[in-house]
> 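Mind looking over this structure? Questions follow.
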Amino acid sequence: MTLSQSDTKTVLKVAVVGDVHDQWGEEDAAALDYLDPDLVLFVGDFGNEAVAVTAAIAALKQPKAAILGNHDAWYSATHWGRQKCPYDRSQEDRVQQQLDLLGPSHVGYGKLDLPEFGLTVVGGRPFSWGGSDWRNKTFYRERYGVHNFQESSDRLCQAVAAASENTLIFIGHCGPTGLGDAPEDPCGRDWKPLGGDFGDPDLTAAIAFAKRHNKQVPLVTFGHMHHSLRHRKDRLRKRWDSDSYGTFYLNAATVPRVIKTPTSHQRNFSWVTLANGQVQSAASVWIDPRHGATETENLYQGRSLSASV
């Protein structure tokens, strides 16, 4: 399948999978086969420490990079989550099981060099809840030896500095700060008290570090903040933005990402094409694995990113 109007081999086709929340199965793998992306990016929240879902995603044949989200440590990161844990945490570590399954494709606090595409995927802070408060202190201290946003930023910048390629794609569970503080903005808080930038400041610092060191950053993609808004139902969350450097910021969190129709189930993917270090197009695509693309909403098409919608 070709969703880009360009058929040159210089175009990189990227499928971005938003928050899964247990909605993953064989038909999703079939949909990816139909889409035929060069690279698949997963922005986390596979389920509440859903090891089976993570295993299915880890087994995909396509080149991929992933970052785990707050739900992927749902019973391990917080005190109230540990109180509700349905399994014996002294006998199992399902967070580590997911990390082991994903192996090097999990880029949280790390990176994945893809020289065949001329790019490196850099991950933000894994298991992020978003926002400017340093949450889950014990979890990050014990898992990663990270105590605060500064140490977290430093670790992300180390991944940037270690990247083998000059072109970087960033993926986070939550997006960076700086994309607006209205409830409808890509990382805006849509629960009471309404408003406020709920992005990750350490991710913002890492992106700025990359640009200061003359790295190209054509794409930053994330999820967590669902497109459907809690405080209003007459519109969706703003799904993309851009900056003066030409970086395209994409919120891929269509939830639910699988919907039932009278004849089948349709699955959502974000679809991005890149060429010459820039995003060329972005779309939201609903796929019926038996009948192909059923609906494509073009989010962006063109060469200039001087304005956003």
> Would a distance-only check, ignoring hydrogens and angles, find a side-chain to backbone donor-acceptor pair under 3.5 Å from Asp243 to Tyr245?
yes
> Can you find a pair of side-chain heavy atoms, one from Asp185 and one from Asp197, that are under 4.5 Å apart?
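No - every pair of side-chain heavy atoms lies 4.5 Å or more apart.
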> His173 and side-chain hydrogen bond (donor to acceptor under 3.5 Å, both in side chains): which partner among Asn70, Asp72, Asp200?
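The passing option is Asn70.
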> Over 60° means perpendicular and under 30° means parallel, so classify the ring planes of Trp24 and Phe42, tilted if in between.
perpendicular
> I'd like to know if Arg232 pairs up with Asp234 as an ion pair, taking the criterion as any Lys NZ or Arg NE/NH1/NH2 lying under 4.0 Å from an Asp or Glu carboxylate oxygen.
yes
> Under a 4.0 Å N-O cut-off, is there an ion pair linking Arg89 with Glu49?
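Here Arg89 does not pair with Glu49 in a salt bridge, since their nearest N and O are not under 4.0 Å apart.
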> I'd like to know whether Thr120 forms a side chain to side chain donor-acceptor pair (under 3.5 Å) with Lys215, so could you lay out the CA-CA distance, the side-chain angles of the two residues, the decisive distance to 0.1 Å, and finally the verdict.
CA-CA 10 Å; Thr120 295; Lys215 298 287 189 179; over 6 Å; no
> Does Thr10 form a side chain to side chain donor-acceptor pair (under 3.5 Å) with Asn276? I'd like the steps, not just the answer.
CA-CA 8 Å; Thr10 60; Asn276 302 316; 5.4 Å; no
> With a cut-off of under 6.0 Å to the ring centre and 45° to the axis, is Arg257 in cation-pi contact with Phe269?
yes
> Looking at His21, is its backbone amide N or carbonyl O close enough to the side chain of Asp45 to form a donor-acceptor pair, meaning the two atoms are under 3.5 Å apart?
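No, Asp45 side chain to His21 backbone: no donor-acceptor pair under 3.5 Å.
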> Would you please classify the geometry between the Trp191 ring and the Phe198 ring as parallel, tilted or perpendicular, with 30° and 60° separating the classes?
perpendicular
> Tell me whether Lys111 contacts the main-chain N or O of Val107 through its side chain, where contact means a donor paired with an acceptor under 3.5 Å.
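Absent.
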> Indicate, with yes or no, if Tyr109 and Val122 share a hydrophobic cluster defined by side-chain heavy-atom contacts under 4.5 Å among Ile, Leu, Val, Met, Phe, Trp and Tyr.
no
> List the steps and the verdict of side chain to side chain donor-acceptor pair (under 3.5 Å) for Asp154 and Gln150.
CA-CA 6 Å; Asp154 291 345; Gln150 183 59 59; 2.9 Å; yes
> Is it the case that the side chains of Gln62 and Asp33 hold a donor-acceptor pair, with the cut-off being a distance below 3.5 Å and no angle test?
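On atom types as modelled, these side chains qualify, holding a pair under 3.5 Å.
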> Verify whether the ring centers belonging to Trp129 and Trp74 lie closer than 6.0 Å.
yes
